[in-house]
Amino acid sequence: MTDEHSLYGPLEDPAADAGHQEHPPRVGFFTDTSVCIGCKACEVACKEWNDVPEDGLDLLGMSFDNTGMLGASSWRHVAFIEQERPLGRQDPGLSDLPTGPSAAEHTAEVVADGLRDAPRGGGELGTEPVDLGFPSFELPGAGTGSETRTDFRWLMSSDVCKHCTHAGCLDVCPTGALFRTEFGTVVVQPDICNGCGYCVSGCPYGVIDRRPDDGRAWKCTLCHDRLRGGLEPACAKACPTDSIQFGPLDELRERADRRLEQLHEAGVGEARLYGRDPEDGVGGDGAFFLLLDEPEVYGLPPDPVVPTRDLPSMWKHAAVAASALLAATAAVFIREGRR
Amino acid sequence: MTDDEPLREPRSDAGAADLHAPTFGAGRDRHDDQGVVADSEFRSYYGRPVLKPPVWEWKVPAYLFTGGVSAGAALLSAGADLTGRPALCRAGRLGGFGALLASSYLLIADLGRPERFHHMLRVAKPSSPMSVGTWILVAYGPGSGLAAMTELLPGSLRAMLPGRLPARVGRLAGLSSAAVAPALASYTAVLLSQTAVPAWHEARRELPFLFTGSAAASGAGLGMLLAPVHEAGPARRLAALGAGAELVAARLIERRPALETTAYTRGRAHRLRRASEYLTLAGALAAATVARRSRPAAAAAGLALLAGSALQRFGTFDAGVASTKDPAYVVVPQRARLNARDGQHRHGDQAE
């Protein structure tokens, strides 16, 4: 505890706060989803470099997304969202044709129904296979008529561990397996982790998970080994459109601000930055995003807060309750004889 | 076909009158796991959860219960020891230590890598309630074990030791564990609250009182079950006090005006907690009345309190798990918070 904002609030240098004396600048990702083409090269590069095992070869019915969610065996996840509205001032030229996508809303509802019945409600996505009933003979939602087919846009976004300034997973880890690296990132040490599972519930983004056959928690390391060797992370290296940009966080934030301005000028008013603000509930993300819709549409929490924010207050409540228990026990023995 | 069994055959919706016919969990008649908020009232990614549900299974709520029983029993036995109630003291020490052994088993067995449980001991980390809890158990365990050992000392061995040594060692050991017991009973509330699990985090103010109340009620219930009626007076009073705290705290959680805590009043969590309330209330009433005269009634009341406490822990646990599986518990409150904060929230990109 070297800073008044060690648990919550803006924190200039998380690596120094964690005890790194001399260290390289904090690095991270800026994922500009406006140029993502959904190629999933990031997912593949991550799996290849980090030797991440298979997470289930199933069709999920979520557009082109068959990963579903970040998890123990999916450290990058490309989300695909089909929406019935144009992107910026673009004209896909489909508005008068009975073509377009299979009705987007129906697709989402069919999948949502299937997820509700999955054992962990879909939380196993990205970690183990989930069978939602696909493939079927029909595309999900294809049973509705062509009149529901409309003009549309396709949102794609490569999600990743946020490497929070105040990381819920790191705060609750009881073994020290999770640690803050010299680069300001958050990494699990597989030789220490004993699979207690606390980090899984500590993460406000639902990123980290336990691998069922292995028993340990896994997540993105921001390619800690590559960083130490002076290389950029595998996903950023593989990204063909520079949707995933890697670099010192200060620089990325500047770049993101410029890009946002540019998009707003170009008429994409819905563009917004997510996780960039050091004043937010997790002190800002090490990996932040430029989104074209509200975060929840991409499966991201709109206003995440690190649970540790309330730690002092929770211990105070516990102390009062503990004192009350002690007092009550003393009282029941002292009151002897009055009844 | 059961709920858990995924449908493997390829299916076709082509001729279906209703696309949302319950194709997946065919045959379900319960509606517990329907969303807490209609899907159309908030936006999500294919209705997928935002959070990962806890990977903990039944062993964790079972641990919450046994840890509470052990703490309550340790406090009770220390008081009984100091006020000359040997049978109540013996019941508390043996029962408390037995519950502690069960706790340790449950905690270790729930790990993904049980053989690495000792990695918990390589750090002491104030920001992690589980680390704090580990050290609380380390401080609590030896006293509880030693006190139980002095109760189990065979007569032949006892004769070889200087007269009052076992009793003195037992008292010191029992007092040392009783000193740590309130921490053991309450830290588990922080353990659950310091998570992103909406139902647990939102109940963070009430959970410590729910859990210490539950610990007192169950520890005292154990005393009523195992000790003769004439010695169990303090156990009956502690049971009534603990049950009262548990019932009030449980109701306060439900009354919190937040979407997150509606997870406590829905589905399996709701049924478990209602059953817990009935059992706890019945146990407390019996403790204040018939349990003073009849040993069988006292034993029944003790069992009811133990069962009530256990169901309360399982219900609380279940509510948390349910609140992670439905994205509404995450998205709706956070969206409301954001909108309230930015006043005129930008709606330039309306969905319609």
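All of these numbers come straight from a predicted model, not from anything done at the bench. Letters A, B, ... mirror the listed sequences (proteins, then strands); counts begin at 1. Every heavy atom of this structure was used, including side-chain atoms; hydrogens, water molecules and symmetry mates were not.
Under a 4.0 Å N-O distance rule, the pair B:R113/A:D214 qualifies as a salt bridge.
Proximity to chain B (any heavy atom under 4.5 Å) is shown, for A:C173, by both the backbone and the side chain. Both the backbone and the side chain of B:H119 come within less than 4.5 Å of a heavy atom in chain A. With a 4.5 Å cut-off on non-hydrogen atoms, A:A118 does not touch chain B at all. Residue A:V130 does not touch chain B at all, counting heavy-atom pairs closer than 4.5 Å. B:V132 touches chain A through its side chain: at least one heavy atom from C-beta onward sits under 4.5 Å away, while N, CA, C and O do not. Both the backbone and the side chain of A:L125 have a heavy atom closer than 4.5 Å to some heavy atom of chain B. Only the side chain of B:R341 comes within contact range of chain A, judged by heavy atoms closer than 4.5 Å. For B:L76, the parts sitting under 4.5 Å from any heavy atom of chain A are the backbone and the side chain alike. B:S193 touches chain A through backbone and side chain together, each having a heavy atom under 4.5 Å away. Of the atoms belonging to B:L238, heavy atoms from both backbone and side chain fall under 4.5 Å from chain A. Within the 4.5 angstrom heavy-atom criterion, no atom of A:S323 approaches chain B. Contact annotation for B:L191: both backbone and side-chain heavy atoms come within less than 4.5 Å of a heavy atom of chain A. Only the side chain of A:R309 comes within contact range of chain B, judged by heavy atoms closer than 4.5 Å. Both the backbone and the side chain of B:Y187 come within less than 4.5 Å of a heavy atom in chain A.
When the candidates B:R48, B:M120, B:H118 are compared by the number of heavy-atom contacts under 4.5 Å with chain A, B:R48 comes out ahead. Counting heavy-atom pairs under 4.5 Å between each of A:V297, A:V320, A:L115, A:V200 and chain B puts A:V297 at the top. With chain B as the partner, the residue from A:L325, A:D171, A:T329 showing the most heavy-atom pairs under 4.5 Å is A:D171. Taking B:V330, B:V197, B:V123 one by one and counting their heavy-atom pairs under 4.5 Å with chain A, the maximum is reached by B:V123. Note on A:G122, A:A318, A:P212: by heavy-atom pairs under 4.5 Å with chain B, the leading option is A:A318. By number of non-hydrogen pairs under 4.5 angstrom with chain A, the leading residue of B:P129, B:A181, B:P54, B:A78 is B:P129. Chain A forms the most heavy-atom pairs under 4.5 Å with one residue out of B:A185, B:A80, B:P114, B:A245, and that residue is B:A80. Of the listed residues (B:A196, B:A216, B:G320), the one with the most heavy-atom contacts under 4.5 Å to chain A is B:A196. The greatest number of non-hydrogen atom pairs below 4.5 Å with chain B, out of A:V305, A:L326, A:D310, is found for A:D310. No other option in B:P53, B:P198, B:G47 has as many heavy-atom pairs under 4.5 Å with chain A as B:P53. In terms of heavy-atom pairs under 4.5 Å with chain B, the best-connected choice from A:A112, A:P302, A:G176, A:S313 is A:P302. Comparing A:G215, A:A324, A:G71, A:G168 by heavy-atom pairs within less than 4.5 Å of chain B, the highest count is held by A:G215.
Note: A:D17 CG to A:L7 CG = 9.0 Å, rounded to the nearest 0.5 Å. In this structure, OH on B:Y46 lies 5.5 Å from CD on A:E82, to the nearest 0.5 angstrom. Of the inter-residue distances, the one linking A:D293 atom CG with A:R272 atom CZ reads 6.0 Å to the nearest 0.5 angstrom.
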**OP:** Evaluate the criterion side-chain contact (heavy atoms from CB on, under 4.5 Å) for residue pair A:L300 and A:K162; output intermediate values, then yes/no.
**Re:** CA-CA 11 Å; A:L300 297 164; A:K162 315 300 177 293; 3.7 Å; yes

Original post:
Stepwise, does the side-chain contact (heavy atoms from CB on, under 4.5 Å) test hold for B:Q334 with A:E296?
Top reply: CA-CA 10 Å; B:Q334 292 191 12; A:E296 56 264 39; over 6 Å; no

Original post:
Could you walk me through whether B:S323 and B:W200 pass the side-chain contact (heavy atoms from CB on, under 4.5 Å) check?
Top reply: CA-CA 9 Å; B:S323 72; B:W200 293 342; over 6 Å; no

Subject >> B:L82 vs A:F333, side-chain contact (heavy atoms from CB on, under 4.5 Å): CA-CA, chis, key distance, verdict >> reply: CA-CA 9 Å; B:L82 293 174; A:F333 282 98; over 6 Å; no

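The side-chain heavy atoms of A:F64 and A:M156, taken from C-beta on, include no pair separated by under 4.5 Å.
For an aromatic pair to be called close, the ring centres must be under 6.0 Å apart, and A:Y198 with B:W56 satisfies this.
A:H77 and B:Y45 have perpendicular rings, their planes meeting at more than 60° on a 0 to 90° scale where under 30° would count as parallel. Ring geometry for A:Y205 against A:Y274 counts as perpendicular: the plane angle is over 60°, on a 0 to 90° scale with 30° as the lower cut. Under the 30°/60° scheme for interplanar angles, the aromatic rings of A:H317 and B:F209 are found to stand perpendicular.
In the model, A:N194 has no side-chain atom that pairs as donor or acceptor with a side-chain atom of A:T175 under 3.5 Å.
More than 12 heavy-atom neighbours from other residues, nucleotides or ligands sit within 6.0 angstrom of CZ on A:F179.
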